[in-house]
Amino acid sequence: MEYNFREIEQKWQQKWVEEKTYKVVEDNSKPKFYVLNMFPYPSGAGLHVGHPLGYIASDIYARYKRLQGFNVLNPMGYDAYGLPAEQYAIQTGQHPEKTTFQNIDRYREQLDKIGFCFDWDREVRTCAPGYYKWTQWAFQKMFNSFFCNKCQSAQPIEKLIERFEEKGTEGLDVAQTENLTFTAAEWKAMDEKQKSDTLMNYRIAFMGETMVNWCAGLGTVLANDEVVDGVSVRGGFPVEQKKMRQWCLRVSAYAQRLLDGLDTIQWSDSIKETQKNWIGRSEGAEVEFKIADSDESFTIFTTRADTMFGVTFMVLAPESELVEKVTTPEQKAAVEEYIKYVKGRTERERMIDHKVTGVFSGSYAINPFTGEKNPIWISEYVLAGYGTGAIMAVPAHDSRDYAFAKHFNLPIIPLIEGADISEESYDAKEGIVCNSPRADVKPYIDFSLNGLTVKEAIAATKKYVKEAGLGRVKVNYRLRDAIFSRQRYWGEPFPVYYKNGIPTMIPEECLPIELPEVDKFLPTETGEPPLGNATVWAWDEVNKKIVENTKIDNKTVFPIELYTMPGFAGSSAYYLRYMDPHNNEALVSKDADEYWQNVDLYVGGSEHATGHLIYSRFWNKFLFDLGISCKEEPFQKLINQGMIQGRSNFVYRIKDTNTFVSYDKKDGYDVTPIHVDVNIVSADVLDVEAFKAWRPEYETAEFILNDEGKYICGWAVEKMSKSMFNVVNPDMIVEKFGADTLRLYEMFLGPVEQSKPWDTNGIDGCHRFLKKLWKFMTNEETLSPTLPHNGEGDHAACSSTTNTPNGLPIMGEMSKGQRGSKEELKALHTLIKKVTADIEVFSYNTSIAAFMVCLNELTKLKSTNREVKEALVILLAPFCPHLAEELWHLLGHTTTVCDAPWPAFNENYLKEDSVKMMVAFNGKARFPLEFPADVTKEDAEKAALANPQSAKWMEGFTVAKVIVVPGKMINVVLKK
RNA sequence: GCGCUUGUGGCGGAAUUGGUAGACGCGCUAGACUUAGGAUCUAGUAUCUCUGAUGUGCAGGUUCGAGUCCUGUCAGGCGCACCA
């Protein structure tokens, strides 16, 4: 019987659908396990072989957990809203809805061919009204909340209003945009609009006039993680800073919790580190400096409070509001010119070359520690958005200040004993402090840091600053609030309308506000939202209702928010929706949430480290504060699958000809390398005829072949992309080798977390293994002589209780149940141990190697034992589900292999005579022996070998090496 | 500049976590069966000056013993970055 994978795979895929094998329901009698893949953007290019890598890895784990008796949730859906989907639609000149749905169908078709155990009844699409209702709902909840710093959690905005009525902002400690102060009386005196504007300062979802990343090429604003090196991640269009009125999420309020939460989750160090960098916590002090000959003062932020005595000048960010206040009439022209220069520089220019530039403002600040007057400068190296936008410069111990001081010839005072600052600043936080205060000047205050270490000095200064009322201890974060609105069409509409210019939430019962049809959905360079083109709005109906309820003039039409939400809105809480995807009353029911808790295993690319993985954690923490999600962290364990890179092939055309020369003959010719479709190249040998047929211009191509008459292509590892003709489509692999081979091969390629180029060369090995396995399981010569077991007796290898209902003899003559031989069981249990341990740590490639070894062993033994075969099939089921089902079926089972019990490992089969002898799989072995300290090495060695017990263990082996550790132990290394 | 991470045959990668380095697969070599093989099977395959020696990017160290631990260094990949 041939291994007919096409027939087998088709048959079982159909069965799984018919029998809803992968449907999962909450079941309190079983422990739960939640496996999740980052859901894909359904892009136009379809899936390539890189996409399923993570899906296969998690599918194996999900199936394994199910075999172990867990109730496994493994859902899939589509992140359909947002820029990528819309850009594709624009490029192909179609409506995004149409292309998105087409792409989803294509993805689904491709996914179905690989045999995943997704519960498709739970599919979500972020662009479905039933789904984004809850995105809009969450936004409204954020709008109606503020963040209390003291209790570190979100609170209803009503609480804040009550407090304002009572005592204004007195003693207020909440997350805010600006530090406002007003009394209860002032609050009460505000009109509705003023109150609304004031509350925006505190809401978690708020409208703010902020500096945003404006991308004219995409016609929208972008979040920080969507901009890299001054250009948009999507499309690479230039991005400029612009002040705009935008919706924002106060992610920064959760900075500390986002940081602390990292300690409670099992993510890789590199992702945690990336998030820590992105959050950018720095502990320091804010110190107030008075401006000389003025009543004004300003605050600086520093992490080096110990360097207060080394300040020789101050620097303000050019954008700082203080600039105007400190500029003296004499300096006005120079300052204005400088500001003009800074404004003319793009973000990108500023980032790439760090020019030392600046201008003196004319004013001085009084150093509260020395009483000295320090000149106030203005320079672009100080950022308006970080800290207070003002710094104290300590050139001796900060490289940027040092460069500035040298350039403008400002004084440099060293503060650390022995620090050499003749060539560069001494930035290390190490050493003994001196010159604080300097011996040659009269102390201004009764405070000295001399003789302390830097660390002690920082602590001492902070304490002093606080006690003397000069400032306060402050923690700063780099993490910025997320800009949440986009001037785009393909996204969730905001559930917001404007009542007399005041942003107002649409009543919850009217959600969702559906995305309207528009004629023109293209973005505009000026930022006019495409939703303005809508002629028919679901909003119209809602508007009517609101108008009726409020008893205003029936003809009143309130304007609705025309911005849409960004891509990350819909992807931030989708894992919660999978728990209860059809619930129309709540995002997720209490019961479902408490059953599934949070995602146990999350699999996806590391490129989402500072985007989705921050937003999701923020979003979930907010919902946790509201009591919607019972777990503070959404993703307990995270695995980042590596990227599959493409392996491009090249042909070499001799310049100005249509002649192509083989790679090994190309030296001596002037050639142009040209990408060639990898699908017409096999093992770097070009299919010449296929090449001629590939494109019309190559029809008449001529070739200089190598000595063997072959055309050899060059190759390079590049990103897998259409333009490099190196895209390998999973469908083609499935067609040629089958889904089980694809699954096996993708896992065999190497560790899941490692990036690697796709290389089809090794795929035969995996396919060959499956063919051998098939042969072994079905070969007439090794037919099982045993009956299908029916629960009697103990089955050490497989404790299955699944009976063969009709008792039909399958696979040849059956006789009474029989134990596997010692050797068979040893091979099997070595495999059970290895596979079980490896799956737990996602080391699938080594599991597969163990399968190959085990099969070899069993084939050599001509094993015919049924319990061994059954166990083997179950172990295989996570990796190659189709084949496992078929074999399970051939073994006489009518139930799915998915519900078989995972074989239990029994150590006894690997032990010899119950001693501590470890027999490794490939024939290596060693065992320890104790021996007294006063015996010489040689004697110990002899004694060990002469020991009757040792002799027994050594049976069948030869001694490769004896390792003697005097007084400790002896290891005898054996080999077969 | 700061941080994380990876360096092992011709290639992808193993190594019981400190104990025979190179499992397993690809490729390659020889042989068998074949009209044929890009099918299948068997044997071999780290290197060298080959009865021996050398080998896990490089240089040291700890240890009876180091791919594994420590110190330094080089190279690649990733993240953050005029963040005070």
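Below, read A as the first sequence line, B as the second, and so on, with proteins coming before strands; counting in each chain starts at 1. Not measured: the values here are computed from a predicted model. The basis for the numbers below is simple: all heavy atoms, side chains too, and nothing from hydrogens, waters or symmetry mates.
In terms of position along RNA chain B, the nucleotide closest to R478(A) lies nearer the 5' end than the nucleotide closest to the other residue of the pair R478(A) and I391(A). If T610(A) and G387(A) are placed on RNA chain B by their nearest nucleotide, the residue sitting closer to the 5' end is T610(A).
Using modelled atom types and a 3.5 Å distance limit, the side chains of S425(A) and H397(A) yield no donor-acceptor pair.
Residue-level contact check: K272(A) touches neither bases nor backbone, having no heavy atom under 4.0 Å from any strand. Base contact: K355(A) has a heavy atom under 4.0 Å from a base atom.
At C80(B), none of the side-chain N or O atoms of K276(A) fall inside 4.0 Å of OP1 or OP2 (strictly under the cut-off). Close to A14(B), at under 4.0 Å from its OP1 or OP2, lies a side-chain N or O of N845(A). Taking 4.0 angstrom as the limit, Y386(A) places a side-chain polar atom (N or O) nearer than this to OP1 or OP2 of A84(B). OP1 or OP2 of G13(B) lies within a sub-4.0 Å distance of a side-chain N or O belonging to Q754(A). Note on R768(A): a side-chain N or O is less than 4.0 Å away from OP1 or OP2 of U40(B).
Using P as the reference atom, G19(B) and G79(B) are 35 Å apart when rounded to the nearest Å. For the P atoms, the distance from U6(B) to G61(B) is 25 Å, rounded to whole Å. Atom name C1', nucleotides U34(B) and U54(B): the rounded distance is 44 Å, in whole Å. Nucleotides G72(B) and C78(B) are separated by 25 Å at their P atoms, to the nearest Å. Going from the C1' atom of C70(B) to that of A81(B) covers 30 Å, rounded to whole Å. A distance of about 26 Å separates the C1' atoms of A59(B) and U49(B), rounded to the whole Å. Taking the P atom of each, G44(B) and C11(B) are spaced 23 Å apart, rounded to whole Å. Between the C1' atoms of G55(B) and G9(B), the separation comes to 11 Å (whole Å).
Cation-pi check for R617(A) over W278(A) is not met; the charged atom does not lie both under 6.0 angstrom from the ring centroid and within 45 degrees of its normal.
The glycosidic torsion of U51(B) lies more than 90° away from 0, placing the base in the anti range. In this structure, G9(B) is classed as syn because its glycosidic torsion stays within 90° of zero. Glycosidic conformation, C48(B): anti, with the torsion outside 90° of 0.
Contact check on E735(A) versus R6(A) returns a salt bridge, with a Lys/Arg side-chain nitrogen under 4.0 Å from an Asp/Glu carboxylate oxygen.
When distances run from any side-chain atom of A849(A) to the nucleotides C82(B), A23(B), C4(B), the shortest one goes to A23(B).
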